[in-house]
Structures are given as structure tokens and as C-alpha cells.
Number of protein chains: 2
Amino acid sequence: MALELRRPERTFTIRQLCTEFKATPRALRFYEDKGLLTPARDGMNRVYSYKDRARLILILRGKRVGLSLQEIREILELYDEGDEAAHQNAHSLKKFREKIVVLERQREDIDGAIQELNQACERLEKHLSEKRPDLLPKAADYDQMLRARLDGHADLALAK
Amino acid sequence: MALELRRPERTFTIRQLCTEFKATPRALRFYEDKGLLTPARDGMNRVYSYKDRARLILILRGKRVGLSLQEIREILELYDEGDEAAHQNAHSLKKFREKIVVLERQREDIDGAIQELNQACERLEKHLSEKRPDLLPKAADYDQMLRARLDGHADLALAK
DNA sequence: CGTCCCGCTTACGTCAACGTCAAGGCATAA
DNA sequence: TTATGCCTTGACGTTGACGTAAGCGGGACG
């Protein structure tokens, strides 16, 4: 099935991409409005290519790390216009470097936040095990959590 | 000076905190509106304690990692009600664990985004060095960047 | 044949996180 | 005294990223 998806001539409907990546048709059309996607058309209907799908993956990940659609568009544009407008590109270069700095700090922040949440969890578990051990999560719940985590990564696995 | 800041009885005006953390008074009042901060008052004026300042640090970092003010409030609430409502805390525990999973994925996303931005930068630099080497950043600019980065971390150094 | 279900477009609504006035209080400086 | 400056509380405006509803066209199903 992963092989199916990888076949370059393969195309997708809007709904297929939406269900695959848990987006909405409205969102994809919005991205198109903003120039981040330009799917082909079959009559009126949008037809997304394998490349469009790859762009969508980049868009969604960009969003998750806090990039604006505007910034994401700049990155995407860089990918398909190998050339032209060297002046603008100098500007892009500066902005990208700045963004990298921001993201690196963001990663530090996330590490810190994870640490603190872990500490908070430990405190909570200790508190609960003393006062209300009945409310502590059971082995079954933990199992459930692991499965959820894997589900969350399913699209990433398909994406590479 | 760091010792000054650490003295627990030390208080802060709204503007002091704003300049220290590059926020605006409007933002701090907004956080108060939403229940994330509850500074004391001297007449009409807000008086922020050392603890308020610590909360603000958590708020700002929470924002940087993409938490909503709502979520940040939940975390903060957990910090000062060490007790009571064990049932609710069991719920908090679950939410925190989920949030940790989200953050871990987010860190992966950030690593990927940094990689891509770096690649994009390399391509841009190569492109520029061939066509418009005059537009390439100079050593002075790099110096400037490093200074900016250090400034950005000054508050963190004071904060810990 | 009607009626779902998709899909399309256009247009207005919404929500978070503030920004931006407006109108005024209190204090210090000229 | 007036002026300057920081603080206050509303109240309304803004921006980004969509949601939602209205209205139409086209296959598929019963």
C-alpha cells in the first residue's frame, strides 16, 4: 500500500488527502487560495498529484512548528522556482536563518517543558498513590496510550 | 543584580516585567483577564511578586512551544493547588501525559523543519555565490546575528 | 424520477491573542 | 499651575486560519 502511494502517477481527491492527514476540504482550498497548493483540475474538480501531496505534508509540518502560511509559501516557492529574483532570495536567506534560530530556541523550550511536565506527572502520581491509588492509570490504559501514539505517527511513516 | 532579582520580597511594576521579557502591558493585563496572573494591587496599580514573575516566565515559554493560554492556565493552576480534588488531578495527569506525547512529536517536527531550512539556506547561498556574490551576508552581519541570539537568551539566564 | 452525497464557489462568521484608541487618575518636573 | 508620563479600565479593531451556510452541478442508487 505504501508502494501504491509512492507511485508518481498516482493522484488523489481532496477527500482522500483530507482523511489521510485529518484536514478539511476547506483548509486545502484555503491553502490553494493562498498559493501554497495548485492542484490540477478535472473539469471543476481538484486533482492532487503525488507532488501536491508532498507539499501538503510540508505545509502541515510547517504549521505544527508554528510557521505562518505565508512563511511556508516562501519555503515552497523556493523549492520549485530554482531561479530568478536573486534579490528576493537574499532576503529569504536572512529570514530563514532567523527562523532557524527561533526554532532552535523553541526546541530548547520544548525540552524544558517536557521536563517540567514529567516532574509534574511524577508529583501527581506520588500524590495519587498516597491518597487515591484507585485513580492511578492501569496497565491497560498504558497500552491504549502506546497504540494512540503509533496511530499518530502512521501518516509520517507513509510520508517518507 | 541577579541576586537582587532572586530576593523573594522583591516586587515588580508592570513595565519592569514588560521590558525584561519584551512583552506589552496589554498582554499582561490580558493574561490577568484570563486568570493566568493575579498580581497584588497598590491602590489601582498592579504589583507583581517574584512568584508572579515566575509564572510569567512559564506563560511565555508555554506560548513559545505552542500551548494556548487555556492550556497554560491549567498547568499553572496545578502548580499552586498542590492538593484538593484528587479526581481532577487524575484527569490532569492524563492530559499532561498526552501533552508530553504531543511535545515529543513537535520536537521531531522542529528537527525536521530545521534540517529543511538549513538545506534551503545552503541552496540559496550556493545560488547567490554564483550569481550575486555581492548579496551574500558579510562577516559583520554574522556578528550581528550572534549578538541578537545572545540578547534573546538574556532573560533565560536571569530566569533560572 | 427523485434524492443523496461530493464537489465547487462565494460570502459571511468565528476564535484567539492581542493592538489600539478613549477617557481618566495620580505623581513628579518645570 | 500646567505639563509629562505612567498607570488604570473599558470598548472596539485586527489578523490569521479557517468554519459554516447558501446555492448550484453531477454521478450513483433505489
Side-chain angles (χ1 to χ4, degrees), chain A residues 11-49 52-53 55-77 95 99 102-103 106 109 113, chain B residues 11-49 52-53 55-77 99 102 106 109 113:
Chain A
T11 64
F12 307 84
T13 72
I14 194 170
R15 192 147 300 273
Q16 283 170 341
L17 290 186
C18 285
T19 61
E20 181 177 1
F21 298 112
K22 287 162 194 163
T24 67
R26 178 69 179 91
L28 297 209
R29 295 188 197 112
F30 186 74
Y31 301 153
E32 186 174 344
D33 245 45
K34 299 293 167 179
L36 283 81
L37 285 175
T38 44
R41 297 290 182 128
D42 172 17
M44 287 266 85
N45 295 9
R46 291 165 173 82
V47 178
Y48 294 87
S49 70
D52 290 324
R53 179 171 168 279
R55 289 170 74 91
L56 179 56
I57 291 174
L58 285 181
I59 293 172
L60 296 178
R61 194 177 66 186
K63 285 199 43 179
R64 286 196 301 267
V65 306
L67 301 183
S68 72
L69 295 186
Q70 170 71 292
E71 294 173 310
I72 296 172
R73 198 185 63 188
E74 289 178 33
I75 297 177
L76 289 178
E77 277 170 2
K95 287 193 57 181
K99 208 68 206 176
V102 170
L103 286 177
Q106 205 171 328
D109 285 337
Chain B
T11 65
F12 307 84
T13 72
I14 194 170
R15 191 145 302 271
Q16 284 170 341
L17 290 186
C18 285
T19 62
E20 180 177 3
F21 299 112
K22 286 161 195 163
T24 67
R26 179 69 179 92
L28 297 210
R29 296 188 197 111
F30 186 74
Y31 301 152
E32 187 175 342
D33 246 43
K34 299 293 168 179
L36 282 82
L37 284 175
T38 45
R41 297 293 181 124
D42 171 19
M44 287 267 85
N45 295 9
R46 290 167 174 81
V47 178
Y48 294 87
S49 70
D52 290 325
R53 179 171 168 277
R55 288 170 78 92
L56 179 55
I57 292 173
L58 285 181
I59 293 171
L60 296 178
R61 195 176 69 186
K63 285 198 44 177
R64 286 195 302 268
V65 307
L67 301 183
S68 72
L69 295 186
Q70 172 69 291
E71 293 173 310
I72 296 173
R73 198 185 62 187
E74 289 177 31
I75 296 177
L76 288 178
E77 279 169 1
K99 206 68 207 175
V102 170
Q106 206 172 327
D109 285 336

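Small disclaimer: the values here were computed from a predicted structure and weren't measured. Just so we're on the same page: letters track the sequence lines, and every chain starts at 1.
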Pairs under 3.5 angstrom, nitrogen or oxygen only, protein versus nucleotides 6-8 of chain C, please.
{"from": "C:dG7", "atom 1": "OP2", "to": "A:Arg15", "atom 2": "NE", "distance (Å)": "2.3"}
{"from": "C:dG7", "atom 1": "OP2", "to": "A:Arg15", "atom 2": "NH2", "distance (Å)": "2.9"}
{"from": "C:dC8", "atom 1": "OP1", "to": "A:Arg46", "atom 2": "N", "distance (Å)": "2.9"}
{"from": "C:dC8", "atom 1": "OP1", "to": "A:Arg46", "atom 2": "NH1", "distance (Å)": "3.1"}
{"from": "C:dC8", "atom 1": "OP2", "to": "A:Arg29", "atom 2": "NE", "distance (Å)": "3.1"}
{"from": "C:dC8", "atom 1": "OP2", "to": "A:Arg29", "atom 2": "NH2", "distance (Å)": "2.9"}
{"from": "C:dC8", "atom 1": "O5'", "to": "A:Arg46", "atom 2": "NH1", "distance (Å)": "3.3"}

Pairs: protein N or O with nucleotides 22-28 of chain C N or O, under 3.5 Å:
none

Report all interatomic pairs (protein N or O, nucleotide N or O of nucleotides 11-21 of chain C) with separations under 3.5 Å.
{"from": "C:dA17", "atom 1": "OP1", "to": "B:Leu69", "atom 2": "N", "distance (Å)": "3.2"}
{"from": "C:dC18", "atom 1": "OP1", "to": "B:Lys63", "atom 2": "NZ", "distance (Å)": "2.9"}
{"from": "C:dC18", "atom 1": "OP2", "to": "B:Tyr31", "atom 2": "OH", "distance (Å)": "2.9"}
{"from": "C:dC18", "atom 1": "OP2", "to": "B:Lys63", "atom 2": "NZ", "distance (Å)": "2.6"}
{"from": "C:dG19", "atom 1": "OP2", "to": "B:Thr24", "atom 2": "OG1", "distance (Å)": "2.7"}
{"from": "C:dG19", "atom 1": "N7", "to": "B:Arg26", "atom 2": "NE", "distance (Å)": "3.2"}
{"from": "C:dG19", "atom 1": "O6", "to": "B:Arg26", "atom 2": "NH2", "distance (Å)": "3.0"}
{"from": "C:dT20", "atom 1": "O4", "to": "B:Arg26", "atom 2": "NE", "distance (Å)": "3.0"}

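Qualifying side-chain contact (heavy atoms from CB on, under 4.5 Å) partners for A:Thr38, counting only residues two or more places apart in sequence or in other chains: none. Annotation: side-chain hydrogen bond (donor to acceptor under 3.5 Å, both in side chains) contacts of A:Lys63 (sequence neighbours excluded): none. Checked against side-chain hydrogen bond (donor to acceptor under 3.5 Å, both in side chains), A:Gln106 has no partners two or more places apart in sequence or in another chain. Listed by chain and number, the residues in a side-chain contact (heavy atoms from CB on, under 4.5 Å) with B:Arg46 are B:Ile14, B:Arg29, B:Glu32, B:Pro39, B:Arg41, B:Tyr48 (sequence neighbours excluded). Every residue was checked against the side-chain hydrogen bond (donor to acceptor under 3.5 Å, both in side chains) condition with A:Lys34, not counting sequence neighbours, and none meets it. Applying the side-chain contact (heavy atoms from CB on, under 4.5 Å) test to B:Ala23 and every residue at least two apart in sequence or in another chain returns B:Leu28. For A:Leu58, the side-chain contact (heavy atoms from CB on, under 4.5 Å) partners are A:Arg61, A:Leu76, B:Glu116, not counting sequence neighbours. By the side-chain hydrogen bond (donor to acceptor under 3.5 Å, both in side chains) test, B:Thr24 is found to be paired with no residue, residues two or more places apart in sequence or in another chain being considered.
Residues A:Lys99 and A:Lys95 have side chains not in contact (no heavy-atom distance under 4.5 Å, counting atoms from C-beta outward).
Side chain of A:Asp52 to backbone of A:Ser49: a donor-acceptor contact under 3.5 angstrom is found.
In the helix from C:dC1-D:dG30 to C:dA30-D:dT1, the rotation axis of the first five pairs and that of the last five pairs differ in direction by 20°, rounded to 10 degrees.
The two residues B:Thr11 and B:Gln16 have their closest heavy-atom pair at O-OE1, 4.0 Å. Nearest heavy atoms, A:Cys18 versus A:Pro25: SG-N, 3.3 Å.
Atom pair A:Asp42:CG and D:dG25:P shows a separation of 18 Å (rounding to whole Å applied). With rounding to whole Å, A:Leu36 atom CG is found 13 Å from D:dC18 atom C1'. The distance from atom CG of A:Leu56 to atom P of D:dC18 is 11 Å, rounded to the nearest whole Å.
In this structure, CZ on B:Phe12 lies 6.5 Å from CG on B:Leu17, to the nearest 0.5 angstrom.
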